[in-house]
Colleague: 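First, the structure itself, so that you have it in front of you.
The sequence lines fix the lettering, A, B, ..., with proteins before strands; numbering per chain opens at 1. Because the structure is a prediction, the values reported are computed rather than measured.
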Amino acid sequence: MQAKPSEYEVPFFKETGFSRRVGEKCREYYWTLNPDFVEPQDVPCVDYWFDSVKSRSGLNVSEARRVFIDFFLKRGHEYVPPRPVVARWREDLYLTIASIVVFQPHVTNGIVPPPANPLVISQPSIRLEDIDNVGLTIGRHLTSFEMAAHHAFNYPDKYIYWKDETVRYAYEFFTKELGIPGELIVFKEAWWEGGGNAGPCFEVAVGGLELATLVFMSYKTLNGGYEEIPLRIVDTGYGVERIAWFSQKTPTAFHAIYGDLVDKFRDSIGLEKPERTLLWAAFKAAGKLDPDEPGSVEDYYRRVSELSGVSFEDARRILVDEARLYGLLDHTKTLALMLADGIVPSNSGEGYLARLVARRALRLLTLLKSNAKLVDLVDMQVKYWSGDFPQISENRGYVLEAVDIEESRFKETMERARRALERELKRGSSLTVNDLVKYYDSMGAPPELVAEIASKAGVRVEVPPKFYSIVASMHRSPPRIKGYGEAEGTITFVAEWASKFKPTRKLYYEDPYIRSFESRILGVNGRYVILEATAFYPTGGGQIHDVGVLIVGGREYRVVDVFNVDDVIIHVLETPLISEPGEVVRGLIDWARRFRIMRHHTATHVILGAARRVLGPHVWQAGAEKTEFKGRLDITHHKPLTMEEVAKIEALANSIVDDRRPVRNMLIDRNEAETKYGLTLFQGGVPMSRVIRVLDIEGWDTEACGGTHVTNTGEIGGIKIVNVERIQDGVVRIEYVAGSRAAEVASELEGRLARIADLIGASRGREEDRVKSLMESFKALGDTVKAYRELLIESLEEKLRGAPEVGGVKLLVTGSPEKSREAVQEMLRKLTSSEERAIVAVIMREAEGSTVEIAGGAKASELHNIGALARLLAGRFEGKGGGSKSYGSFKTPRKLEPGELAEALEELLGSGP
RNA sequence: GGGCCGGUAGCUCAGCUGGAAGAGCGCCGCCCUCGCACGGCGGAGGUCCCGGGUUCGAAUCCCGGCCGGUCCA
């Protein structure tokens, strides 16, 4: 959509003398004070030329951030601290990609007020879409950057400020704080869309560099159209790194962002420092560079070569390596940020994104042919950013360990791929693009490395420029065919029906120990019942629903399911309720069951607290389930738990049980709760409401939780971890039982042991000895059987010596006491290898018919095809069979006697195939 | 969450158009040697991931599951 021109006319422009123009080449509208401009001043319309703009100089990233925040603090904005780069409060995003993400969707959809209004924030953000272009474009693309922003949320009944003020702030900030001449600042008209919202925006650029975007979020996208929204939001984004780059006027953004770290990385990697003139040529040429445009990259190197006087080949070689260096600087910082916020690298979910960044960094190191350790480079970032992002140095131990693990895993993966490749090349095959895709897609080997290894073996293969889009196109999943059945229709129908009722009063929150209650019926719909108030807990928040009975007019109805539709609780009965709204019901919940669920639920919070303390703060709940039988908690962790760690967690959890800590359930304003307890509140998802229920185990664990809990940890009664396993890369599952259930589980185990003891005939406490002696006699028995088999073979060998000759071979047909095919086969193998001219057939009688195995010695097999023989015999005895040249078998429904088989064989061998 | 690849000796892997489980390295013993290394000879070591199916017969084919790897969202 293109907004109406009037959307961009603000009084400030008129007052100050800005005029609206259109770019001669770019054909985009922009506002400027400068009559000499013929284009909006950002790349690629113009080249970078801000190096010659006079302004406040020398601001590093920290200072740029400080200047921005102070500017807005002085102008009535309140500071809001940044959130993690992992967007755990969002269901639809893994990473924080912009400052507005902090307020989506709860604030932007109007449910929760913003923590301050207007506000100023500097939000570290991560975007991985252009990860391959980072470095190449000398600073236009970064995977991690800080978005400094001021936001104003305009409600219908509360207006803060809108376009004019926002533009004035931008102009004032750039002219007064950064000292940029006003006539060099350009406001370009544009349209912004994202996350279901849209609106007009200004892109503010100076000397080729876009420094800020001012978005006026005023629509929501709806079926391809736009609809005005009541909450209009000023969503700005100032690039902190770009301000630093602009202010320092270094040839690349990386020099401005990373300062002395650039040369430290250079030293570690062993990369020579390029001539300053080459970098400045790159600065001048990079504006036109569009990596998605074919040929653009080559043009860029050509232009750098012309501007610097360095040969094309040298310019390309140096800039390719420079881009890798800058990529490493960028990726290692991003990785440190992600890991510090508790991402555990894995092969799925957000963990994969961390692995992706780590692998890209490792690939760059490999391409640079450097022996530097990634973990050392990340450690430099930890130190460099410790003042700006304290969470990184606080979690240094975990960050470095996770990087180290990723590094060795990558090496193993590369080693595996290399071996597979060398094997394949040894077989003389050539490599196609398909093979490159295979090695990348299923073995993780980057195509450049595959090509390099192949070329050493003398096999040439070209990496196509569109390689990664070929891979991406293979992963477009086919449309899901979603089955819709009667069940789904029923749920929709019930939900619609339920929406007519007012929210149910939740007695289980007022008193978690309530077992029985009386209430009035509000609605009846067959087996579905809605009450005014209930003590039945509906399924939700990882806690299973209650069961019990409703008593109406002297009749008892069993409650088999309970669920929640927008705060209306629906009881599902076993049989339809014969009653009218208004009648009084008495409800009884199955208390023994509920109490166990409560114990397991509170135990879950205790264990999570213990796991975070034993394993580290990167541990997050990845899932949980609590039933009357056991509790189950999945946590994020980068390696399997050791026995010691499990024991520690269990002991620590039980110490909290014994400590009898109070457990409090409270309703708190969401913003207040976040400020007080932090985002670790949201372990089990984020409730979408202004006020949230918070469960606090004193001094131990605080989480947003809608479940029912005991009021003191002592009531858990004790916790026994019964199972720990790694359910996938990066996720560990812990299962446990609490209280009386632990005794039950112990009894079950005892019972099982007793039954086993019975089976093996051991007295209590002597089970192990008994198993040992049984194993010994089992072994001895095996030896005995072996001896008897040898005896059997000997006697058959004896028989074979005296066997008649038919068709040039010695024929032996015999029955067998052996029931095992394998044993018979082994026996035949021995017999025929000692007598090459023998054919031996063994009949195994079974309940329904017989199986016959026939083997031929080396000479005999030359004379007669045993497999063919078996097939013929099978035909004769109404069975089926076949085999190879030297071995065959068949099955027949007849109870075969050695005599008749011998007769048949003699006949066949006599005429013989 | 989806796609792809894989699971066979202690390790790395062949065998996979169904028909008597293999190689290299490692290990053990012997020969050679003052000793080591090299070399030579011999040997031990297997639930062919699990379960079901097809078949006279399955490491091999089919279905289901488990585990590992990898790419993508």
Side-chain angles (χ1 to χ4, degrees), chain A residues 91-95 128-129 131 345-353 355-356 359-360 363 409-410 412-424 426-427 434-447 467-482 622-623 640 725-729 731 821-833 840-844 846 848-858 861 865-894 896:
Chain A
E91 307 283 342
D92 53 338
L93 273 184
Y94 288 129
L95 298 172
L128 301 178
E129 296 89 66
I131 189 164
S346 76
N347 54 12
S348 69
E350 71 227 21
Y352 176 69
L353 299 180
R355 177 160 294 165
L356 175 84
R359 295 221 161 165
R360 287 301 158 105
R363 184 178 123 212
R409 287 182 67 135
F410 178 75
E412 277 167 34
T413 294
M414 287 311 106
E415 191 51 31
R416 237 194 317 271
R418 196 182 55 77
R419 278 197 306 262
L421 181 63
E422 279 170 359
R423 255 199 323 275
E424 199 162 317
K426 217 177 275 174
R427 263 177 283 181
N434 260 344
D435 293 320
L436 287 180
V437 171
K438 184 186 85 187
Y439 277 100
Y440 178 66
D441 207 32
S442 63
M443 293 182 189
F467 179 80
Y468 290 99
S469 48
I470 295 171
V471 173
S473 68
M474 290 174 56
H475 289 279
R476 243 168 250 140
S477 49
R480 278 249 212 100
I481 300 148
K482 207 176 172 187
E725 59 185 326
R726 227 165 72 105
I727 57 165
Q728 65 164 78
D729 203 7
V731 181
R821 280 182 67 107
E822 272 129 52
V824 168
Q825 275 178 20
E826 199 182 318
M827 193 170 81
L828 288 175
R829 195 181 311 148
K830 280 197 177 142
L831 281 171
T832 53
S833 60
V840 185
V842 173
I843 302 170
M844 287 182 288
E846 282 147 17
E848 292 162 23
S850 324
T851 300
V852 179
E853 305 281 324
I854 312 166
S861 302
N865 184 321
I866 310 295
L869 214 54
R871 194 168 310 116
L872 287 171
L873 285 167
R876 181 163 299 197
F877 297 110
E878 298 108 39
K880 283 176 171 175
S884 69
K885 210 175 77 179
S886 62
Y887 194 88
S889 64
F890 70 92
K891 198 179 246 177
T892 163
R894 300 221 333 234
L896 220 49

Colleague: What residues form a salt bridge (charged side-chain N to carboxylate O under 4.0 Å, His left out) with A:Lys438, not counting sequence neighbours?
Modeller: A:Glu424
Colleague: With rounding to the closest Å, how many angstrom separate the P atoms on B:G29 and B:C50?
Modeller: 33 Å
Colleague: Tell which nucleotide pairs with B:A23, taking only Watson-Crick or G-U wobble pairs whose two distances are both under 3.5 angstrom.
Modeller: B:U12
Colleague: Please state the P separation for the pair B:G42 and B:G7 - nearest whole angstrom.
Modeller: 31 Å
Colleague: Nearest of B:C4, B:C71, B:A20 to any side-chain atom of A:Asp441?
Modeller: B:C71
Colleague: Can you give one letter per nucleotide of nucleotides 6-14 of chain B, 5' to 3': B if a protein heavy atom sits under 4.0 Å from the base, S if only from the sugar-phosphate, - if neither?
Modeller: ------SSS
Colleague: Nearest 0.5 Å please: distance from the CG atom of A:Asp729 over to the CG atom of A:Asn347.
Modeller: 4.5 Å
Colleague: Taking the C1' atom in each of B:U47 and B:C36, what is the distance between them to the nearest angstrom?
Modeller: 41 Å
Colleague: For A:Arg418 and B:G69, give me the distance from atom CZ to atom C1', rounded to whole Å.
Modeller: 17 Å
Colleague: Can you work out whether A:Arg360 or A:Thr832 has the more 5'-proximal nearest nucleotide on RNA chain B?
Modeller: A:Thr832
Colleague: Can you check the distance between B:A9 and B:G15, where both ends of the measurement are the P atom (answer in whole Å)?
Modeller: 15 Å
Colleague: From B:G57, B:U70, B:G1, pick the nucleotide closest to the side chain of A:Ser348?
Modeller: B:G1
Colleague: When the C1' atoms of B:U12 and B:G18 are considered, how many whole Å apart are they?
Modeller: 27 Å
Colleague: Taking the side chain of A:Arg359 as its heavy atoms from C-beta onward, which of B:G68, B:C71, B:G57 lies nearest to it?
Modeller: B:C71
Colleague: For B:C34 versus B:C48, give the span between their P atoms, rounded off to a whole number of Å.
Modeller: 47 Å
Colleague: Given that both distances must come in under 3.5 Å, which nucleotide forms a Watson-Crick or G-U wobble pair with B:C48?
Modeller: none
Colleague: Between B:U70, B:C71, B:G19, which one does the side chain of A:Arg409 approach most closely?
Modeller: B:U70
Colleague: Select one nucleotide: of B:C71, B:A73, B:G68, the one nearest the side-chain heavy atoms of A:Tyr440.
Modeller: B:C71
Colleague: A:Glu725 has an atom CD; how far is it from atom C1' of B:G68, in whole Å?
Modeller: 15 Å
Colleague: Look through every strand shown and name the nucleotide pairing with B:G6 as Watson-Crick or G-U wobble, where both distances are under 3.5 Å.
Modeller: B:C67
Colleague: Taking atom P in both B:A21 and B:C4, compute the distance separating them and give it to the nearest angstrom.
Modeller: 33 Å
Colleague: Take A:Glu422 and A:Arg419 through the test salt bridge (charged side-chain N to carboxylate O under 4.0 Å, His left out) and record every step on the way to the result.
Modeller: CA-CA 5 Å; A:Glu422 279 170 359; A:Arg419 278 197 306 262; over 6 Å; no
Colleague: For nucleotides B:C49 and B:C66, find the distance between their C1' atoms and express it as a whole number of Å.
Modeller: 8 Å
Colleague: With sequence neighbours left out, write down each residue that passes ring pair (Phe, Tyr, Trp, His ring centres under 6.0 Å) with A:Tyr440, or none if nothing qualifies.
Modeller: A:Phe467, A:Tyr468
Colleague: Which nucleotide, in any strand shown, forms a Watson-Crick or G-U wobble pair with B:C30, with both distances under 3.5 Å?
Modeller: B:G40
